[in-house]
Asker: 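Could you have a look at this structure, given as structure tokens, before my questions?
Every heavy atom of this structure was used, including side-chain atoms; hydrogens, water molecules and symmetry mates were not. Chain letters run A, B, ... following the sequence lines, proteins first, then strands; residues in each count from 1.
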2 protein chains.
Amino acid sequence: MGRWKPDARARLEKAALALYREHGFAQTTVAEIAERAGLTERTFFRYFADKREVLFSGAGTLQQHLISALGDAPSSLAPIDAVGAAVEAAAELFEKRRDFARKRQAVISENAELQERERIKLASLASALEDALHRRGVANPAASLAAEMGVTVFRIAFERWINQDDNRTLAQIMRECLNELKLVTAGK
Amino acid sequence: MGRWKPDARARLEKAALALYREHGFAQTTVAEIAERAGLTERTFFRYFADKREVLFSGAGTLQQHLISALGDAPSSLAPIDAVGAAVEAAAELFEKRRDFARKRQAVISENAELQERERIKLASLASALEDALHRRGVANPAASLAAEMGVTVFRIAFERWINQDDNRTLAQIMRECLNELKLVTAGK
DNA sequence: TGGTTGATGTCAGTTACTGTCATAGGCAGT
DNA sequence: ACTGCCTATGACAGTAACTGACATCAACCA
């Protein structure tokens, strides 16, 4: 047993989400979050670069899984389908956490600053996918475009999964969304 | 002649870009911008919601042109091609301002907060395009996907236009980029 | 002529975020 | 057991973005 209560980071994340849901992001101060977590404001900023970042710690994990899944995709697949396989595989990370995802997304959708942060995280994902495609031998602008398509499919499918009532899996919705994208770009 | 020097807004924009270029975005204070423009900090915040927004006043104009151009596109065009025609038409806004665009983009590319703002402006463009496609009778997710593809093409083509040395027009690059996107999604 | 208006100034306040140093419990080596 | 180091946290002061309330004052207008 350490000197301090364990999992300071997780306690801060939990307190932040709870307070953002109770009073809204803008109305919550970092001091309040820290207090609920039994820490000080200064410690909050040792774990998170800013007040928004506390909602986005999962972004790194998602990126790792995406890149790893893209590495595992058979090299016979066209870039767009390799990316499709990667986002579908990464969907696994969320299937059992729809409830948490919904709560978190509800907070984000209420605040413009949080939407900015979410978008930049998605842009970072696209950039990482692009790099991975380069390593696969895909040149630009194809790599860049395929990566962007993948992230767009991910985002739109995720949004539909969050809002739907029935029980299609995120992976299913992503596959449908990619097929729809292929139809759209084919001019249908 | 009014009581005050005219074009306070334009003076603030000019001073801000100059200072962001000279010392960087983070190292520039709003008070410095206001002083160079012959105004006070408080007045800066009457014109711009925050320190970043001063670089994005053109976003509204771009959005209007995009929507208007999409309205003008023949209804025989498939959604993706109507969007393509719109972004190509909107390129006109930039052709004579590559120098300004380069300076501005150099500032943005050096700062993460500004990139966040740029991404959210592009997201707003996509949302406006999606609405316009709905008015054209396009349903979701096709409308949403076509809009996102259009914005992605716009962004990637814009980046290439900024960085290229030769003199292809932005509109040409956008057309090429859209064609490339069609190839990529066709699995080539 | 006197009241109204609208862009700007002044000023105080909140809060996000940073730099710096202090504290204190645990651990390793002797 | 003593010593010193390590590391997570606290304490505290400081900067600057942003906001709200009120003052000013030249132009315009009835």
Asker: Whole Å only: how far is the CZ atom of A/Phe48 from the C1' atom of C/dA16?
Answerer: 16 Å
Asker: Just the rounded figure in Å: distance from C1' of D/dC18 to CZ of B/Phe44.
Answerer: 11 Å
Asker: Does A/Tyr47 reach a base, just sugar-phosphate, or nothing at all? Heavy atoms under 4.0 Å.
Answerer: sugar-phosphate
Asker: Measure from CH2 on A/Trp4 to P on C/dA24 and round the result to the nearest Å.
Answerer: 12 Å
Asker: Closer than 4.0 angstrom, basic N to acidic O: yes or no for B/Lys51 and B/Glu113?
Answerer: no
Asker: Would you say B/Thr40 places a side-chain N or O within less than 4.0 Å of OP1 or OP2 belonging to C/dT8?
Answerer: no
Asker: Test for a donor-acceptor pair under 3.5 Å between the base of C/dG6 and the side chain of B/Arg46, counting only N and O atoms.
Answerer: no
Asker: Atom CD of B/Glu41 to atom P of D/dC18: distance rounded to whole Å?
Answerer: 9 Å
Asker: Give a yes/no verdict on a cation-pi contact between B/Arg104 and B/Phe56, requiring under 6.0 Å between NZ or CZ and the six-membered ring centre and an angle within 45° of the axis.
Answerer: yes
Asker: In terms of the nearest nucleotide of DNA chain C, which residue is placed more toward the 5' end: A/Ala31 or B/Gly38?
Answerer: B/Gly38
Asker: Check whether A/Phe25 forms a cation-pi arrangement with A/Arg52 (NZ or CZ under 6.0 Å from the six-membered ring centre, at most 45° off the ring normal).
Answerer: no
Asker: Whole Å only: how far is the CZ atom of A/Arg42 from the P atom of D/dG10?
Answerer: 11 Å
Asker: Round to the nearest Å and state the distance from B/Asp50 atom CG to C/dA16 atom P.
Answerer: 16 Å
Asker: With sequence neighbours left out, write down each residue that passes salt bridge (charged side-chain N to carboxylate O under 4.0 Å, His left out) with B/Arg119, or none if nothing qualifies.
Answerer: none
Asker: Do the side chains of A/Trp161 and A/Gln172 get nearer than 4.5 Å, heavy atoms only?
Answerer: no
Asker: Given C/dG9, is OP1 or OP2 found less than 4.0 Å from the side-chain N or O atoms of B/Thr43?
Answerer: yes
Asker: I need the NZ-C1' distance between B/Lys5 and C/dG9, as an integer number of Å.
Answerer: 16 Å
Asker: When you measure from the side chain of A/Leu39, which nucleotide among D/dG10, C/dG9, C/dA16 comes out closest?
Answerer: D/dG10
Asker: Separation of B/Phe45 atom CZ from C/dT10 atom P, in whole Å?
Answerer: 16 Å
